[in-house]
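In what follows, a structure is listed as structure tokens, so that the remarks can point back to it.
Note that ligands are numbered from 1 as they come in the structure, with each ligand's atoms numbered from 1 the same way. Worth knowing before you read on, the calculation uses all heavy atoms, side chains too, and leaves out hydrogens, waters and symmetry mates. What you are looking at is a predicted structure, and each value in this text was computed from that prediction instead of being measured.
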Amino acid sequence: MTTRSETKTTLAHLLTEIERRNPAQPEFHQAVHEVLETLAPVVAARPEYAEPGLIERLCEPERQVIFRVPWQDDQGRVQVNRGFRVEFNSALGPYKGGLRFHPSVNLGVVKFLGFEQIFKNALTGLGIGGGKGGSDFDPHGRSDAEVMRFCQSFMTELYRHIGEHTDVPAGDIGVGGREIGYLFGQYRRITNRWEAGVLTGKGPGWGGSLIRPEATGYGNVLFAAAMLRERGEDLEGRTAVVSGSGNVAVHTIEKLTALGANAVTCSDSSGYVVDEKGIDLDLLRQIKEVERGRVDAYAERRGASARFVPGGRVWEVPADLALPSATQNELNEQDAAALVRNGVKAVSEGANMPTTPAAVHLFQQAGVAFGPGKAANAGGVAVSALEMAQNHARTSWPAARVEEELTRIMNDIHTTCHETAERYGAPGDYVTGANIAGFERVADAMLAQGVI
Ligand code: NDP
Ligand code: 2IT
């Protein structure tokens with residue numbers, strides 16, 4: 001019988017080896033570290049998980065594709081970007097996960113996102129494996145025509161690696177409905193197939209699911225509400241700080257407002273806006289989605305209740321709830337200390353890995369309910385899987401049906417994480433609960449399917 005401490009030592013050695021074999025990928029190391037450090041109780045309790053090679057296989061992508069993406073800008077100059085698709089794990093279904101277009105994208109970032117996606121997708125209870133992709137292309141300031149040419153070039157290589165039964169990309173940072181449209185068009189043209197299920201996040205008139213754009217933000221608020229309910233509290237009248245001003249942030253603010261909370265901030269990479277009356281979503285969407293502008297314009301047009309803080313972070317604004325919805329490592333230990341000092345009750349991650357390990361630790365020590373992204377932001381990919389189901393059946397469901405399913409899935413994920421944490425001796429620790437529950441489902445499928 002292996003003890004928990006022996007297992008911990010084995011997992012620590014494994015991590016060292018993974019770091020050695022994957023140099024200069026700090027985000028990937030961080031994501032793997034965060035999972036492995038919580039697995040000791042389940043690996044010690046269930047000897048089959050200690051089988052040599054199982055965890056090594058889980059941490060090694062099944063396939064990694066890197067390709068050149070040449071395209072012409074509006075001045076006729078040739079630009080060269082790099083494209084990535086990391087097909088991490090297909091034990092539970094076709095690889096599934098978004099594409100990110102942002103200058104910070106590199107192989108390590110895509111691998112961290114793909115690794116997280118394996119566990120997140122497992123937690124949804126649906127049949128989807130884990131993958132992620134993207135490019136270091138920066139869509140900011142690019143015309144529609146430039147974005148279209150870039151997407152067409154990107155898909156001209158990517159198409160050979162994906163398919164409705166193989167690998168199904170969707171959006172992430174810098175990739176929304178516009179980009180999915182251009183990508184889908186090029187896939188259809190090259191393959192001469194109407195294969196709706198090859199991408200998710202499509203427009204509602206051509207194979208998209210209602211509520212997919214809303215699903216990540218709505219789902220995160222539902223997860224936060226479930227954590228509060230567990231403590232005999234609710235969202236009504238609570239003040240919330242939200243970072244970001246993209247897809248996830250906007251729909252987080254929308255759902256918070258609908259459930260009676262007051263979302264007072266949003267941000268982008270230039271700084272943040274605080275609006276004591278609560279964020280006016282019509283104005284924010286006009287600026288960000290229609291004009292593709294920056295958040296300082298919100299403060300200029302909103303009037304006396306709002307101000308723009310250049311370069312600042314929303315976490316300095318006092319609030320009951322914090323919902324990071326921009327990017328990785330955007331909430332550090334100092335930010336967490338400020339939130340705790342100001343009496344925060346719950347933190348729920350809309351973004352992937354937005355909270356640094358030291359900040360997570362600080363929240364947990366302070367008794368703050370902390371919902372990790374793998375669980376809390378799984379609503380987006382869950383509704384993507386529902387979009388695939390609708391595509392397969394050549395049908396589309398009414399919004400109410402999709403939202404009902406989303407609510408059930410988020411509540412189930414909450415219950416699973418909560419119960420799993422309790423079962424493995426970490427009551428209230430949603431990080432441990434999410435990691436172990438996701439791991440069990442994928443590991444069982446991998447063991448059943450043999451060494452591949
Ligand atoms: P969007 O591109 O729609 O919005 C991203 C927002 O985050 C923008 O406001 C952007 O500001 C800000 N941001 C991005 N990078 C940085 C940075 N390095 N520093 C500061 N601000 C930054 O993306 P989404 O809303 O789709 O994604 C947000 C997060 O949610 C990501 O972590 C993503 O992985 C995660 N997520 C998304 C899902 C989805 O369905 N879309 C599903 C699950 C998780 P700026 O314009 O200035 O860059
Ligand atoms: O991080 C994520 O879960 C996403 N960007 C959504 C993935 C998807 O396939 O819908």
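Only the side chain of Asn352 comes within 4.0 Å of ligand 2, judged by heavy-atom distances. Counting heavy atoms under 4.0 Å from ligand 1, residue Glu289 does not touch it at all. Neither the backbone nor the side chain of Gln328 has a heavy atom within less than 4.0 Å of ligand 1. Heavy atoms from both the backbone and the side chain of Asn377 come within less than 4.0 Å of ligand 1. The side chain of Gln117, and not its backbone, has at least one atom closer than 4.0 Å to an atom of ligand 2 (non-hydrogen atoms only; side chain from C-beta on).
Ligand 2 places these atoms under 4.0 Å from at least one heavy atom of Ala170: 8 (C), 9 (O), 10 (O). Near Gly174, meaning under 4.0 Å from any of its heavy atoms, are these atoms of ligand 1: 2 (O). The Arg100 neighbourhood of ligand 1 comprises atoms 31 (C), 32 (O), 33 (C), 34 (O), with distances under 4.0 Å to a heavy atom of that residue. Taking a cut-off of under 4.0 Å to the non-hydrogen atoms of Gly350, the atoms of ligand 1 that pass are 30 (O), 35 (C), 36 (N), 44 (C). The atoms of ligand 1 that sit less than 4.0 Å from any heavy atom of Ser267 are 9 (O). Close approach of ligand 2 to Gly171 (heavy-atom distance below 4.0 Å) involves ligand atoms 4 (C), 5 (N), 6 (C). Which parts of ligand 1 touch Ser325 is read off a 4.0 Å heavy-atom cut-off, strictly below it: atoms 28 (C), 29 (C). Which parts of ligand 2 touch Ser384 is read off a 4.0 Å heavy-atom cut-off, strictly below it: atoms 8 (C), 9 (O), 10 (O).
Residue, atom and distance of the protein heavy atom nearest to atom 9 (O) of ligand 2 are Lys96 NZ, 2.7 Å. Remark: minimum distance from atom 27 (O) of ligand 1 to any protein heavy atom is reached at Ile173 CG1, 3.7 Å. In this structure, the protein non-hydrogen atom closest to atom 33 (C) of ligand 1 is Asp172 OD1, 3.2 Å. Nearest protein neighbour of atom 3 (O) of ligand 2, counting heavy atoms only, is Lys120 NZ, 2.8 Å. In terms of protein heavy-atom proximity, atom 47 (O) of ligand 1 is nearest to Ser269 OG, 2.5 Å. When hydrogens are left out, the protein atom nearest atom 16 (C) of ligand 1 is Thr327 CG2, 3.7 Å; that is the closest non-hydrogen contact. Counting only heavy atoms of the protein, atom 15 (N) of ligand 1 lies nearest to His102 NE2, 3.5 Å. Among all non-hydrogen protein atoms, the one lying nearest atom 11 (O) of ligand 1 is Asp268 CB, 3.4 Å. At the shortest separation from atom 7 (C) of ligand 2 among protein heavy atoms lies Gly98 N, 3.5 Å. Scanning the protein for heavy atoms near atom 43 (C) of ligand 1, the closest one is Thr216 CG2, 3.4 Å. Considering only non-hydrogen protein atoms, atom 4 (O) of ligand 1 sits nearest to Gly246 CA, 3.3 Å.
Looking at Gln30 and Asn329, their side chains do bring a donor and an acceptor atom within 3.5 Å of each other. There is no side-chain donor-acceptor pair under 3.5 Å between Thr239 and Asn262. Judged by distance alone, the side chains of Glu276 and Ser305 never bring a donor and an acceptor atom under 3.5 Å apart. Donor-acceptor pairing under 3.5 Å is recorded for the side chains of Arg229 and Asn411. Under 3.5 Å, the side chains of Glu403 and Tyr218 contain no donor-acceptor pair of N or O atoms.
A heavy-atom separation below 4.0 Å is not found between Met353 and ligand 1. Ligand 1 has no atom lying under 4.0 Å from any heavy atom of Glu330. In this structure, Ser245 is part of the shell of residues with a heavy atom less than 4.0 angstrom from ligand 1. Residue contacts with ligand 2: Gly201 is excluded, as none of its non-hydrogen atoms falls under 4.0 Å.
One finds a salt bridge joining Glu405 and Arg408 here, because a Lys/Arg side-chain nitrogen approaches an Asp/Glu carboxylate oxygen to under 4.0 Å. The pair Asp280-Arg302 counts as a salt bridge, with a side-chain nitrogen and a carboxylate oxygen less than 4.0 angstrom apart.
Summarising the contacts of atom 41 (N) of ligand 1 with Asn220, Thr200, Asn247, the nearest heavy atom is found in Asn247. One option in Met388, Lys132, Lys374, Arg212 has a heavy atom closer to atom 6 (C) of ligand 2 than any other, and that option is Arg212. Taking each of Ala376, Ala326, Ala351, Ser384 in turn, the one with a heavy atom nearest to atom 28 (C) of ligand 1 proves to be Ala326. Nearest to atom 24 (P) of ligand 1 by heavy-atom distance, out of Val248, Val295, Leu113, is Val248.
When all heavy atoms are compared, the tightest approach of Met155 to Ile190 is O-CD1, 4.1 Å. The two residues Ala366 and Val340 come nearest to each other via the heavy atoms CB-CG1, 3.8 Å. Ile279 approaches Asp275 most closely through the heavy-atom pair CD1-CB, 4.0 Å. The shortest heavy-atom contact between Gly174 and Glu179 is O-CD, 3.6 Å. Listed here is the closest heavy atom pair of Arg238 and Asp320: CA-OD2, 3.4 Å. Contact record, Phe223 with His414: CE1-CA, 3.7 Å, taken as the closest heavy-atom pair.
Considering backbone and side-chain atoms together, Asn352 places an N or O closer than 3.5 Å to an N or O of ligand 1. Residue Val168 has no nitrogen or oxygen atom sitting less than 3.5 Å from a nitrogen or oxygen atom of ligand 2, judged on distance alone. Considering backbone and side-chain N/O atoms, Arg212 comes within less than 3.5 Å of an N/O atom of ligand 1. Geometrically, ligand 1 and His140 share a nitrogen or oxygen pair separated by less than 3.5 Å.
Between the side chain of Asp167 and the main chain of Gly163, no donor-acceptor pair closer than 3.5 Å is present. Here the side chain of Lys288 pairs a donor or acceptor atom with the backbone of Gly293 at under 3.5 angstrom.
Counting only heavy atoms from C-beta outward, the side chains of Pro169 and Tyr95 never approach each other to under 4.5 Å. The side-chain heavy atoms of Met446 and Arg57, taken from C-beta on, include a pair separated by under 4.5 Å.
Within the 4.0 Å cut-off (strictly below), a protein heavy atom is located near atom 39 (C) of ligand 1.
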Please lay out, stage by stage, how Asn352 and Asn377 fare under the test side chain to side chain donor-acceptor pair (under 3.5 Å). CA-CA 8 Å; Asn352 286 306; Asn377 72 39; 3.3 Å; yes

With side chain to side chain donor-acceptor pair (under 3.5 Å) as the criterion, how do Thr200 and Lys96 come out once you've worked through the C-alpha distance, each side chain's angles and the decisive distance to 0.1 Å? CA-CA 9 Å; Thr200 60; Lys96 183 82 196 87; 3.0 Å; yes

Applying ring-ring contact (aromatic ring centres under 6.0 Å, His included) to Phe112 and Phe28, what does each step give before you reach the verdict? CA-CA 4 Å; Phe112 118 65; Phe28 179 57; 9.0 Å; no

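Each of Phe154, Tyr159, Phe84 was checked for a ring pair (Phe, Tyr, Trp, His ring centres under 6.0 Å) with Phe67, and the lone residue meeting it is Phe154.
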